[in-house]
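Chain letters run A, B, ... following the sequence lines, proteins first, then strands; residues in each count from 1. Just so we're clear, the structure is a prediction, and the values are computed from it rather than from any experiment.
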Protein chains: 2
Amino acid sequence: MQDALLHHINKFTPLTEDEEDIVLACTSVQQLKKKEFLLKKGQVCTTYNFIAGGCLRCFSTDDEDNETILQFAIENWWMIDYSSFNTRKPTHLNIQAVENTVVIKIHYDVLETLLEKVPKLERYFRIIAQRALDASHRRIEYVYTRSGEERYRYFSKSFPQFVQRIPQYMLASYLGFTPEFLSKIRAKKI
Amino acid sequence: MQDALLHHINKFTPLTEDEEDIVLACTSVQQLKKKEFLLKKGQVCTTYNFIAGGCLRCFSTDDEDNETILQFAIENWWMIDYSSFNTRKPTHLNIQAVENTVVIKIHYDVLETLLEKVPKLERYFRIIAQRALDASHRRIEYVYTRSGEERYRYFSKSFPQFVQRIPQYMLASYLGFTPEFLSKIRAKKI
DNA sequence: TTCTTTTCTTAAACCAGTTCAATTTTTTGG
DNA sequence: CCAAAAAATTGAACTGGTTTAAGAAAAGAA
């Protein structure tokens with residue numbers, strides 16, 4: 001079951017069999033049903049989470065429980081609230097399964113030991129974080145320089161298969177506008 | 001001159017003297033005058049850039065040369081276009097000095113060797129990237145959940161000394177609205 | 001299948017923020 | 001110190017996107 005993770009790590013920093021075994025010993029698998037939560041506002045994020053299959057969303061809520069989707073994560077992506085993880089303080093974010101999802105987790109209590117035993121993983125997580133940072137910067141640029149309609153057209157052209165997997169109101173939230181506005185765009189012409 | 005960098009690294013991953021020497025041997029210092037460019041659209045980003053003093057801004061431009069500021073970096077921050085750096089392809093971004101600035105650079109050609117000689121730096125850059133990623137995620141959340149006025153008030157309350165250092169039109173661009181709108185907000189009441 | 005919940009659509013009124021253009025203030029360089 | 005450039009302000013007209021509310025369609029559960 002953890003093969004997906006090992007495979008992903010090996011793409012960036014090839015591991016020996018021993019190292020793979022250590023990684024396996026430090027991970028656990030969790031199956032989430034659609035709509036189940038991996039993390040809820042008020043809890044501490046105690047794990048690094050790798051998505052082996054399925055889809056998660058990370059969202060914040062305001063006083064009136066309006067949701068703002070900050071991230072999606074699908075197969076081979078990590079979803080971590082670094083702030084809560086590092087400070088050990090309760091998060092203000094929620095992480096929920098958009099569909100049935102398999103998550104491979106590394107717990108806070110074993111992460112530092114794991115990094116000592118398999119120092120190569122420092123490199124792996126560096127590369128992962130740098131890639132995610134680049135993606136995050138691109139997203140900021142896109143939000144700042146393009147209209148809602150442009151963002152929608154670009155996203156659905158770039159990730160048509162993903163758009164099929166999620167409800168439109170979630171896509172609207174992720175793209176930074178209302179579901180009603182998304183309907184308007186779509187009504188114009190597909 | 002590179003003391004600022006060594007000091008910063010040591011905060012996260014203490015180095016031996018030998019390791020410090022290796023780092024020094026792999027870095028170079030560049031002094032930038034206000035408005036001078038560190039990177040221009042069309043060039044390849046060939047260095048990791050650490051700001052020892054001063055301030056840089058990273059911005060993109062559209063067809064009509066309108067600028068959108070994506071990031072600022074001040075003392076003890078890194079400013080890197082990971083995408084261009086890793087792919088070795090020309091960037092679409094610009095990095096320019098907002099004031100006279102001292103940059104400590106690690107060139108692409110020496111980075112991998114440096115990381116091999118001082119593997120601790122993998123950890124250092126991992127932590128740096130994860131922190132920057134967290135900051136980037138927070139920024140997205142802020143843009144999505146707060147109005148322009150809220151963003152301005154929050155930012156100038158949180159970083160009053162920084163607000164003094166930059167022209168208001170740059171702050172407006174960074175916060176995601178026009179200079180005219182910033183004037184309006186300020187006219188209401190400081 | 002039928003009932004219930006969730007998701008999507010439509011339309012009118014509205015508003016946060018933009019655009020454009022003119023003017024004033026501040027900063028910079030020689 | 002002055003001239004020129006850069007930055008900030010103001011106001012009127014405008015627009016991309018929101019809000020509210022109601023109804024239609026699709027998906028789930030039993």
Side-chain angles (χ1 to χ4, degrees), chain A residues 32-37 54-55 57 59 61-69 72 96-100 142-156 162-190, chain B residues 32-37 54-55 57 59 61-69 72 94 96-101 142-156 162-190:
Chain A
L32 293 166
K33 292 220 170 115
K34 184 171 175 172
K35 299 199 177 175
E36 204 176 333
F37 283 81
C55 178
R57 66 177 182 134
F59 65 96
T61 51
D62 65 14
D63 310 326
E64 285 105 33
D65 277 328
N66 300 309
E67 300 175 354
T68 303
I69 297 184
F72 288 109
Q96 186 190 31
V98 175
E99 49 192 49
N100 293 344
Y142 224 72
V143 170
Y144 271 45
T145 59
R146 309 290 173 165
S147 70
E149 178 164 354
E150 286 174 312
R151 265 134 56 202
Y152 168 68
R153 301 218 183 274
Y154 176 78
F155 193 85
S156 42
F162 179 67
V163 171
Q164 302 305 321
R165 286 168 66 177
I166 56 169
Q168 283 179 41
Y169 76 90
M170 287 193 191
L171 178 58
S173 175
Y174 178 78
L175 292 177
F177 46 73
T178 59
E180 291 86 348
F181 184 61
L182 180 48
S183 271
K184 252 191 218 172
I185 295 172
R186 287 164 51 87
K188 276 201 198 175
K189 203 177 180 184
I190 303 173
Chain B
L32 292 165
K33 292 221 172 117
K34 184 171 175 173
K35 299 201 177 172
E36 205 176 331
F37 283 81
C55 179
R57 66 177 182 136
F59 65 96
T61 51
D62 65 13
D63 311 326
E64 285 105 35
D65 277 328
N66 300 309
E67 300 176 354
T68 303
I69 298 184
F72 288 110
N94 303 276
Q96 187 190 29
V98 175
E99 49 193 52
N100 294 345
T101 300
Y142 223 72
V143 170
Y144 271 44
T145 60
R146 308 289 172 165
S147 70
E149 180 165 352
E150 285 175 313
R151 266 136 54 205
Y152 167 69
R153 301 218 183 273
Y154 176 79
F155 193 86
S156 42
F162 179 67
V163 170
Q164 302 303 324
R165 287 169 65 176
I166 57 169
Q168 284 180 41
Y169 76 91
M170 288 192 191
L171 178 58
S173 175
Y174 178 78
L175 292 176
F177 47 72
T178 59
E180 291 89 344
F181 184 61
L182 180 49
S183 271
K184 258 190 213 171
I185 295 173
R186 287 164 51 87
K188 275 198 198 180
K189 203 178 183 184
I190 301 172

Checklist entry - Of the nucleotides dT10(C), dG11(D), dT18(C), which one has an atom closest to the side chain of F177(B)? => result dT18(C)

Item to check | Integer-rounded Å distance: dG29(C) C1' and K33(B) NZ | outcome: 13 Å

Next on the checklist: Whether K184(A) and E180(A) form a salt bridge (side-chain N of Lys/Arg under 4.0 Å from carboxylate O of Asp/Glu) is what I want to check.
Outcome noted: no

Checklist entry - Could you give the CZ-to-P distance, from F181(A) to dA16(C), as a whole number of Å? => result 17 Å

Checklist entry - Of all the choices, dT10(D), dT18(C), dG17(D), which nucleotide is nearest to the side chain of A187(B) once you look at every atom? => result dT10(D)

Checklist entry - Once you round it to whole Å, what is the distance between C1' of dT5(C) and OH of Y169(A)? => result 12 Å

Checklist entry - Does the separation of the ring centres of F72(A) and F162(A) fall below 6.0 angstrom? => result yes

Next on the checklist: Which is more 5' along DNA chain D, the nucleotide nearest K35(B) or the one nearest P179(B)? Just name the residue.
Outcome noted: K35(B)

Checklist entry - Are the side chains of F177(B) and Y152(B) in touch, meaning some heavy atoms are under 4.5 Å apart? => result yes

Next on the checklist: Between P on dT19(C) and CG on N66(B), what's the gap in Å once rounded to a whole number?
Outcome noted: 8 Å

Next on the checklist: For K34(B) and E180(B), find the nucleotide of DNA chain C closest to each by heavy atoms; which residue's nucleotide sits nearer the 5' end?
Outcome noted: E180(B)

Next on the checklist: Can you say whether a donor on the side chain of K184(A) sits under 3.5 Å from an acceptor on the base of dT18(D), or the other way round?
Outcome noted: yes

Next on the checklist: Without decimals, in angstroms, what is the distance between L182(A) CG and dG16(D) P?
Outcome noted: 17 Å

Checklist entry - Would you say T178(A) reaches dG17(D)'s phosphate, i.e. side-chain N/O to OP1/OP2 under 4.0 Å? => result no

Next on the checklist: Base, sugar-phosphate or nothing for S147(A)? Non-hydrogen atoms, less than 4.0 Å.
Outcome noted: sugar-phosphate

Checklist entry - For dT26(C), does OP1 or OP2 lie under 4.0 Å from any side-chain N or O of Q168(B)? => result no

Checklist entry - For dC8(C), does either OP1 or OP2 sit under 4.0 Å from a side-chain N or O belonging to R186(A)? => result no

Checklist entry - ring-ring contact (aromatic ring centres under 6.0 Å, His included) between Y142(A) and F155(A): does it pass, once the steps are laid out? => result CA-CA 10 Å; Y142(A) 224 72; F155(A) 193 85; 9.6 Å; no

